[in-house]
Amino acid sequence: MKRLLLSLILIACCFASRPAHAAGYFGSNPEAAPSVFTYAWRGFTLGAIDGLALGYIIARDNGYHKGDWKPLVYGAGIGALAGSGVGFTLGFIDLADNRPGTAGIVLRDMVYGMGFGVFAGALTGALFMIDSKKPEHILFGASVGALAGTGVGMVVGFIEGPVITNSASHRRAGSNDLMLRPTLGATQDYGNNLVLTPGFSARF
């Protein structure tokens with residue numbers, strides 16, 4: 001059961017952490033903008049994994065046994081539903097934003113943080129297992145890492161989200177700006193004298 005649970009968490013992490021074009025500045029191509037269901041599915045997967053991790057931490061409080069599967073099911077189910085709601089909310093926030101992408105970046109970083117936390121926690125648990133000889137430490141470390149990584153990813157997403165979207169919009173706006181540069185030319189007057197003519201060159 002423990003091996004199956006750990007395998008499910010790792011597989012779900014790999015699925016949820018796949019690169020997606022959901023985040024970032026969408027530009028002038030409407031078809032490049034993701035559906036709010038993209039956010040909902042990522043939130044669903046994220047919530048299911050975190051709920052499963054929390055359910056396992058609760059179930060192992062008095063020692064995990066084969067019959068302690070209900071907290072896992074409840075945790076995964078409630079987490080998936082809550083994650084879907086969070087995903088829909090972030091999707092509609094981006095939909096209503098003049099420069100969409102910040103909410104998508106937050107959700108993306110939460111998924112990436114969760115995936116990193118699972119692997120880092122599992123590795124930490126494996127190191128403890130060397131002395132304790134208890135494989136359970138691997139699953140416990142992965143569960144704690146998933147929850148901690150999700151929180152850290154959310155904080156990082158809120159910090160870097162506005163920076164990324166603002167820089168993307170500035171680059172896009174800059175490509176359409178009128179650019180004027182001073183120039184210096186030369187010509188001849190009626191007396192065949194060289195005359196310098198200052199001016200401007202423009203790029204549209």
Side-chain angles (χ1 to χ4, degrees), residues 4-59 69-122 139 142-169 172:
L4 177 61
L5 184 59
L6 180 59
S7 299
L8 290 175
I9 291 178
L10 295 178
I11 292 172
C13 284
C14 294
F15 174 78
S17 300
R18 291 180 305 169
H21 61 277
Y25 186 68
F26 305 140
S28 58
N29 184 10
E31 295 182 359
S35 167
V36 293
F37 287 101
T38 304
Y39 294 81
W41 271 113
R42 299 193 98 187
F44 179 94
T45 307
L46 177 67
I49 297 173
D50 282 340
L52 191 64
L54 181 60
Y56 175 75
I57 293 175
I58 294 174
W69 55 269
K70 287 186 178 180
L72 304 181
V73 176
Y74 280 123
I78 295 175
L81 294 177
S84 300
V86 172
F88 270 120
T89 301
L90 293 175
F92 282 113
I93 289 175
D94 263 359
L95 186 65
D97 196 352
N98 292 329
R99 286 186 301 209
T102 299
I105 292 172
V106 172
L107 183 59
R108 180 204 66 182
D109 284 354
M110 290 173 67
V111 172
Y112 287 165
M114 179 267 298
F116 178 81
V118 166
F119 285 99
L139 192 54
S143 300
V144 174
L147 297 175
T150 301
V152 173
M154 180 177 64
V155 173
V156 173
F158 276 113
I159 294 175
E160 73 174 358
V163 176
I164 294 176
T165 53
N166 287 337
S167 62
S169 62
R172 182 171 179 80

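Note that the numbering runs from 1 along the sequence shown for the chain.
- Checked options I105, V111, L107; the residue passing with D109 is I105 (criterion: side chain to side chain contact (heavy atoms under 4.5 Å, CB included)).
- Minimum interatomic distance between P162 and G157 (heavy atoms only, all atoms of both residues): CD-O, 4.3 Å.
- Under the 30°/60° scheme for interplanar angles, the aromatic rings of F88 and F92 are found to lie parallel.
- Rounded to the nearest 0.5 angstrom, L52 CG and I78 CD1 are separated by 12.5 Å.
- Considering every non-hydrogen atom in both G104 and D94, the closest pair reads N-OD2, 3.0 Å.
- Within the 4.5 Å cutoff, no side-chain heavy atoms of Y112 are placed close to those of F116.
- In terms of heavy atoms, Y39 sits closest to A103 at CE2-C, 4.3 Å.
- Residues passing the side chain to side chain donor-acceptor pair (under 3.5 Å) test with D50 are T150, sequence neighbours excluded.
- Two residues are said to be in side-chain contact when any heavy atoms from C-beta on lie closer than 4.5 Å; L147 and I57 meet this criterion.
- Expressed to the nearest 0.5 Å, how far CZ of F44 lies from CD1 of I49 amounts to 10.5 Å.
- Inter-residue side-chain proximity for I159 and V163 is flagged as unmet; no heavy-atom pair is nearer than 4.5 Å.
- Pairs engaging residues 152-162 under the side chain to side chain donor-acceptor pair (under 3.5 Å) rule: R108-E160 [sequence neighbours left out].
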